[in-house]
Amino acid sequence: MRRLDLKLALLVSAIAAVGFAAQAEERYGIGQPATQAEIAGWNIDIGRDGSNLPPGSGSVERGRVVFSEQCVACHGDNGQGGIGDRLVGGQGTLASAKPIRTVGSYWPYAPTLFDYIRRAMPQNAPQSLSNEDVYAVSAYILSLNGIVPQDAVLDAKSLAAIKMPNRDGFVSDPRPDVHDH
Amino acid sequence: MSEQTTDKRVREASRRHFLQAGAALAGGSAVAGLGGSGALAESGNNLPPNVPEWMKAPGAPMGSQPYGAPSTYEKGVIKNISKTLPQYISASGRTPLQDLDGIITPNGLFYERHHGGVPTIDPAEHRLMLHGMVDRPLVFTMDDIRRFPSQSRIHFLECSGNPVYTKPYGKTASDLVGLLSCAEWTGVPLKTVLNEAGLQAGAKWIVAEGADAAALTRSIPIEKCLDDAMLVYSQNGERLRPQQGYPLRLLVPGFEGNMNVKWLRRLKVVAEPVYSREETSKYTDPMPDGTAREFTFYMEAKSIITRPSGGQKLTAKGFQEITGIAWSGHGKIKRVEVSVDDGESWQDATLQEPVLTRALTRFRLPWHWDGTPAVIQSRAIDETGYVQPTLAELVAVRGVNSFYHNNAIWPWRIDANGEVSNAQA
């Protein structure tokens, strides 16, 4: 009796700890264990707090060179936009009739700028830039927006410490927001 | 007869057939404004009492189309892709809704949205990695994924920017809401695969990442992952098309299109969203006060009349069937109301069975057009009781720069000549 109670208690606490009914399902034994090396190669997402940012650093000065070589064709000489999104300016326009959404005016977290540039840019050769050059071009775009000084050198710690102008500009979904006729 | 000779005959026969059809197309002229599926001018030679020429000789032999294609007379029914996009790598193409019947979108006409082009993925070298807050991080081959118990379900997919709130509004149903399609999807419930790895306490979100050149990334709430989310490998009975994520995509029914991550390579179980570019700088909904709504997942109830609709023409007074489609990310469509008097009065349309959860529902209303100008429109009501709003109602709350999740009623104007146009354009 005591034993059964103990078993039951263990089972209950195990279910509670996991918290999802799905855990009670049968397992099929399909799939291979993912190795640490496999995970390390693909685990590229960066948290908004800068978690998972790689070692290395990059300067605004180096970023200017990378930008001129890799980015201006789509984003313009000064990040004013073209085939690609506008990256610069627009601060103070979000509540106006013609809001301008850029890295400077809209993007909420600096570390995810690194994330996006590394995973998706340049559009013709994503994941081709070194981590140092991704830091550098992130620093350059932030400097064009007046968010870091022109002599800035960014690494994991300093990138995570930046407070973007629009960090607090997002609200949760309140819909349904339009009611019956 | 050798195989080679047979092949050659097949090729020649199909070439002849193609040339005949092409000549007929070139010689005919489409009825004005009727989109791609317009009838051709009649020569009279094939009409009664004459015997049609296609009865006087054998048709194309078996094997002339190893993978079938529509009639050459339907070659105008294609995806609606703007010729003036700034670029075609991160771009979208629309389903020609006004040319389709029923609720299932043919795979070749399914709408497309890519953020880094369409990758060519060898399924033998594609892997799905499942890691993060799990007991057993796992890697799956496509063979592995197909070994799991499978499931097929019919669901719509809709892009969140379908359409925007500002002019110029589109001319046709496809221009307006053509970033919408519906298919039967086959795959494995995501929760089955998650169970294989074992979720840890505190797992609240799953970051899904594509194997495309954008490595597109979205965070999906765990509740959705354990509800009706699927890992999909087939669409309408055949393997996914490359444009739809071959060999594997995520399906989160009723959620905005970009969350249904294509070419899925990685699922990372986490405690909080990753706040990727796509869920912060891109797919967020700006409001007039300068804030923006984030994590606006659901596509709310919506409908549109597809016939008669913009760009078409009524050719005769009298009976005209009004038909269209309705859908809701929150569940089943309960009712569709149609107005033929510019919103003065509304009547219930008939819903075609089956009426499915988070799927397109076809509606119909018989109508007699008296030849005078009219404004027709539909509004959907879903099983939650939500009523599709007007554009004015949406704009009053969201302004004109909100960009995404515009589910407004779209009225069509029919003039005395029978020409149909966008009444709000």
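Given the structure is predicted, the values throughout are model-derived calculations rather than measurements. Numbered from 1 within each chain, the chains take letters A, B, ... in sequence-line order.
Annotation: the span from B:Y386 atom OH to A:R175 atom CZ amounts to 8.0 Å, rounded to 0.5 Å. Here the CG atom belonging to A:D177 is positioned 4.0 Å from the CZ atom belonging to B:R398, to the nearest 0.5 angstrom. The line from CD1 of A:I100 to CG of B:N401 is 11.0 Å long, rounded to the nearest 0.5 Å. Separating the OG1 atom in B:T291 from the CG atom in A:L94 is a distance of 9.5 Å, to the nearest 0.5 Å.
No part of A:A125 comes within reach of chain B, as not one of its non-hydrogen atoms sits under 4.5 angstrom from that chain. Proximity to chain A (any heavy atom under 4.5 Å) is shown, for B:Y275, by both the backbone and the side chain. No part of B:P273 comes within reach of chain A, as not one of its non-hydrogen atoms sits under 4.5 angstrom from that chain. When heavy atoms are compared at a cutoff of 4.5 Å, A:R101 approaches chain B solely by way of its side chain, counted from C-beta outward. Only the side chain of A:D85 comes within contact range of chain B, with at least one heavy atom under 4.5 Å from a heavy atom of that chain. In this structure, chain B has heavy atoms under 4.5 Å from both the backbone and the side chain of A:D45. For chain B, the nearby part of A:Y109 is the side chain; its heavy atoms alone come within less than 4.5 Å. Only the backbone of B:F297 has a heavy atom closer than 4.5 Å to any heavy atom of chain A. With a threshold of 4.5 angstrom between heavy atoms, A:P108 approaches chain B through side-chain atoms but not through N, CA, C or O. Proximity to chain B involves both the backbone and the side chain of A:I44, based on heavy atoms less than 4.5 angstrom apart. Contacts between A:S51 and chain B at a heavy-atom distance below 4.5 Å are absent for every atom of the residue.
Heavy-atom pairs under 4.5 Å with chain B were tallied for A:I46, A:V103, A:I39, A:V171; the largest tally goes to A:V171. Counting heavy-atom pairs closer than 4.5 Å to chain B, the top residue among A:C74, A:P99, A:P111 is A:P99. The residue among B:P137, B:P86, B:P189, B:G116 with the most heavy atom pairs within less than 4.5 Å of chain A is B:P137. For the set A:N43, A:D115, A:I83, A:T35, the count of heavy-atom pairs under 4.5 angstrom toward chain B peaks at A:N43. The most heavy-atom pairs under 4.5 Å with chain A, out of B:R265, B:E278, B:K268, B:H330, come from B:R265. In terms of non-hydrogen atom pairs under 4.5 Å with chain A, the most contact-rich of B:D285, B:T280, B:T384, B:V397 is B:T280. Heavy-atom pairs under 4.5 Å with chain A peak, among B:E300, B:M287, B:E209, B:H131, at B:E300.
Using a cutoff of 4.0 Å between basic side-chain nitrogens and carboxylate oxygens, A:E38 and B:R127 are not scored as salt-bridged.
Using modelled atom types, one finds no donor on one side chain facing an acceptor on the other under 3.5 Å when comparing A:Y116 with B:S281.
Nearest heavy atom pair, residue B:D144 against residue A:G31, reads OD2-CA, 3.8 Å. The shortest heavy-atom contact between B:A213 and A:P126 is O-CG, 3.2 Å. Across B:E393 and A:V178, no two heavy atoms sit closer than the pair CB-CG1, 3.6 Å.
No more than 12 heavy atoms of other residues, nucleotides or ligands sit less than 6.0 Å from atom CD of A:Q32. Under a cut-off of 6.0 angstrom, the local environment of CD in B:E272 is crowded, with over 12 non-hydrogen atoms contributed by other residues, nucleotides or ligands. In the displayed structure, B:E383 atom CD is contacted under 6.0 Å by more than 12 heavy atoms of other residues, nucleotides or ligands.
The closest donor-acceptor contact from the side chain of A:D173 to the backbone of B:R293 lies at 3.5 Å or more, if one exists at all. Looking only at distances, a side-chain donor or acceptor of B:R266 sits under 3.5 Å from a matching main-chain atom of A:W42. Listed for the A:R119 side chain is no donor-acceptor partner under 3.5 Å among the backbone atoms of B:T217.
Put simply, the side chain of A:Y28 reaches to within 4.5 Å of the side chain of B:T192, judged on heavy atoms. Looking only at side-chain heavy atoms (C-beta outward), B:N195 and A:E26 stay at 4.5 Å or farther from each other.
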Stepwise side-chain contact (heavy atoms from CB on, under 4.5 Å) check, B:R277 with A:T112: CA-CA 7 Å; B:R277 178 257 192 177; A:T112 61; over 6 Å; no
